[in-house]
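Have a look at the structure below before the remarks.
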Amino acid sequence: MSFSIFMVGSNDCSQLENQDIGYSKLANLAPQYGLYSSFVPPLIYAIMGSSRDIAIGPVAVVSLLLGTLLQNEIDPTKNPEDYRRLAFTATFFAGITQATLGILRMGFLIDFLSHAAIVGFMGGAAITIALQQLKGFLGIRKFTKKADIVSVMQSVFQSAHHGWNWQTMVIGASFLTFLLFAKYIGKKKKNLFWVPAIAPLISVILSTFFVYITHAEKNGVEIVRHIEKGINPPSVNEIFFTGDYLAKGFKIGVVAGMIALTEAIAIGRTFATMKDYQLDGNKEMVALGTMNIVGSMTSCYVSTGSFSRSAVNYMAGCQTAVSNIVMSCVVFLTLQFITPLFKYTPNAILAAIIISAVINLIDFQAAILIWKIDKFDFVACMGAFFGVIFVSVEIGLLIAVSISFAKILLQVTRPRTAILGKIPNTTVYRNIQQYPEATKVPGVMIVRVDSAIYFSNSNYIKERILRWLADEEELLKEAYLPSIEFLIVEMSPVTDIDTSGIHALEELHSSLRKRDIQLVLANPGPVVIDKIHASHVANLIGEDRIFLTVAEAVSSCSPKLVEEA
């Protein structure tokens, strides 16, 4: 057990220390802030969290999102102090948002961002992050601050003749190949899971040693140069609690907090399912919120669950959150003693590590499955994806949320309805489109409503039923068949009904009476039947026209015709 925990800690930290320096660059912060964010937050989470597998620290998507939103308000190069303060302010409000959702048990809000939208958003963010790394990977000094693919590629090609550094490219390409090969080995042989985990550390050591002995920095190879030594300094006094930046920090914090929360909960649920234990969602939110609130006061920016590090925890057989404490201890030692050794680490190797890390966020198989299952979900996925890579991270996120909401509204306002027919030699009635052998009962039209009836859809349901009725009567008239005498509404899927729904039933009954057609209800649920009786609709329709099953309703309404059918 102790050996397993040590393996988890050492393997995680080999990724953690190197990735976090790179992730802090995505957030436009000094390298040490990535390490700070991997020291305090994991300790808080280890005490308060309910997941046994989540590894805490900065992640690529949240770092990019935070950096993009922050630099829209403050230029990090011209005003680094206020930029840093705004980052801490945003982290504080990210934590407040997460903790509040957990305390008020409002975690359901994160479910409004659909799985398809998340897949598209993560894929687009991964490509955006990888493109941002071309600055360090190619050794470009003058690089665009915009994140969209068009601006980035223009910046790359415009600097091709004079801005690329071939030594930097060799370092980046060589170690990126090594990192990808290490990942391939880890996937092929599960017992070698530690190979891709320790590969970033090996890459940093070798590349740093190479630059040091060759003095490649004199030939244009950009290096880290300086990382502050020592543990997190307090930053309570740096948070904006008043002034113009308070509202901006709040806005950025809410967005970053929600995305960080979505990612952490998704990771936690994944590993909880794999290990067959329950994850307390509200407790998770409080834990994540508390660690970011404390983090904002100790020079950290937004931290959350990392899938790659959590996967290492899982593969190493981790059983508790103690691995987060082990990682924090290693980061503590790094901050105290090892940071000077990063001076000659080339930026190209950090870019290569981040590129190799974010590649896994592009999930082609999930996108293909989404296309096969639900075309509207695929639109949400692609909308989020293209919004991120062609415009910006926040626009991609807005598109993802908007399309997810649009789908919810569409499903609520346009619920499914079906015409039912009788399965031969049974008393079962099913959708005639799904079961072509199902036959209609002469003189009777049976309609099933597949949702609750609310103000948002009641008028649509009423008009849909009347339109079907009109079409059916037209067909019967052309075929010289008996006209419709009874309209049976199968209500077993109707879980609830409001006053607008009751009013729609009254209007439907009134319209049918003018056509000499009797309205019949079959199997309304307990909530629905209570409201029907309370509103006296039962008296309007007739108590003898409400039945337990469709078969009973048909037998009562048209017994002779049923026997003939």
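For clarity, every value in this text was computed on a predicted model and none was experimentally measured. Each residue takes its place number in the sequence, starting with 1.
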With a cut-off of 6.0 Å (strictly less than), are more than 12 heavy atoms of other residues, nucleotides or ligands near CZ of Arg515?
yes
Check the pair Asp450 / Arg448 against side chain to side chain contact (heavy atoms under 4.5 Å, CB included), numbers first and verdict last.
CA-CA 6 Å; Asp450 290 336; Arg448 187 183 68 214; 2.7 Å; yes
More than 12 heavy atoms of other groups within 6.0 Å of Lys189 NZ:
no
State whether a side-chain donor-acceptor pair under 3.5 Å links Asp53 with Tyr277.
yes
Is it the case that over 12 heavy atoms from other parts of the model lie below 6.0 angstrom from the CD atom of Gln278?
no
Distance-minimising heavy-atom pair for Ala60 and Val358:
CB-CG1, 3.7 Å
How far does CZ of Arg513 sit from CG of Leu540, to the nearest 0.5 angstrom?
7.5 Å
If you take all heavy atoms of Cys381 and Ile370, which pair is closest and at what distance?
SG-CD1, 4.4 Å
Within 6.0 Å of CZ in Phe178, more than 12 heavy atoms from elsewhere
yes
Suppose we screen for ring-ring contact (aromatic ring centres under 6.0 Å, His included). Which residues come up paired with Trp371, at least two apart in sequence or across chains?
Phe378
Calculate, to the nearest 0.5 Å, the distance between atoms CG and CZ belonging to Asp148 and Phe386 respectively.
14.5 Å
Quick one: do Glu485 and Asp516 satisfy side chain to side chain contact (heavy atoms under 4.5 Å, CB included)? Show the steps, please.
CA-CA 7 Å; Glu485 297 179 23; Asp516 292 326; over 6 Å; no
Determine, for Asp377 against Lys375, whether the closest basic-nitrogen to carboxylate-oxygen distance falls under 4.0 angstrom.
no
Could you walk me through whether Ser492 and Glu490 pass the side chain to side chain donor-acceptor pair (under 3.5 Å) check?
CA-CA 6 Å; Ser492 56; Glu490 153 71 306; 3.1 Å; yes
Sequence-distant partners of Tyr460, ring-ring contact (aromatic ring centres under 6.0 Å, His included), two or more places apart:
none
From CD1 (Ile103) to CG (Asn282), nearest 0.5 Å:
10.0 Å
If you look at every heavy atom in Ala125 and Leu64, which pair is closest and at what distance?
O-CD2, 4.0 Å
Give the C-alpha distance, both sets of side-chain angles, the deciding distance and a yes or no for side chain to side chain contact (heavy atoms under 4.5 Å, CB included) between Val254 and Thr97.
CA-CA 6 Å; Val254 170; Thr97 301; 3.5 Å; yes
Looking at His509, I want to see if its NE2 is surrounded by more than 12 non-hydrogen atoms of other residues, nucleotides or ligands under 6.0 Å.
yes
Any heavy-atom pair between the side chains of Met491 and Val449 that's under 4.5 Å?
no
If we ignore angles and hydrogens, is there a donor and acceptor under 3.5 Å between the side chains of Ser50 and Glu284?
yes
Considering all heavy atoms of both residues, which atom of Ala538 and which atom of Ile546 are nearest to each other, and what is their separation?
CB-CD1, 4.0 Å
Please name the pair of heavy atoms, one in Ser151 and one in Lys146, separated by the smallest distance, quoted to 0.1 Å.
OG-CD, 3.4 Å
Exceeds 12 heavy-atom contacts within 6.0 angstrom, atom CD of Gln433
no
Salt-bridged, Asp498 to Lys531, with N to O below 4.0 Å?
no
Which is it for Ser303 and Met291 under the side chain to side chain contact (heavy atoms under 4.5 Å, CB included) test, yes or no, and what are the steps along the way?
CA-CA 8 Å; Ser303 298; Met291 78 180 192; 4.1 Å; yes
Between the side chains of His536 and Glu506, does any donor sit under 3.5 Å from an acceptor?
no
If we check side chain to side chain contact (heavy atoms under 4.5 Å, CB included) with Val550, which of these qualifies: Val489, Asn523, Ile446?
Ile446
Write down the atom of Leu288, the atom of Ala264, and the distance for their closest heavy-atom approach.
CD1-CB, 3.6 Å
Nearest 0.5 Å, please: how far is CG in Asp363 from CD1 in Ile118?
12.0 Å
Are a donor atom and an acceptor atom from the side chains of Asn72 and Glu394 found within less than 3.5 Å of each other?
yes
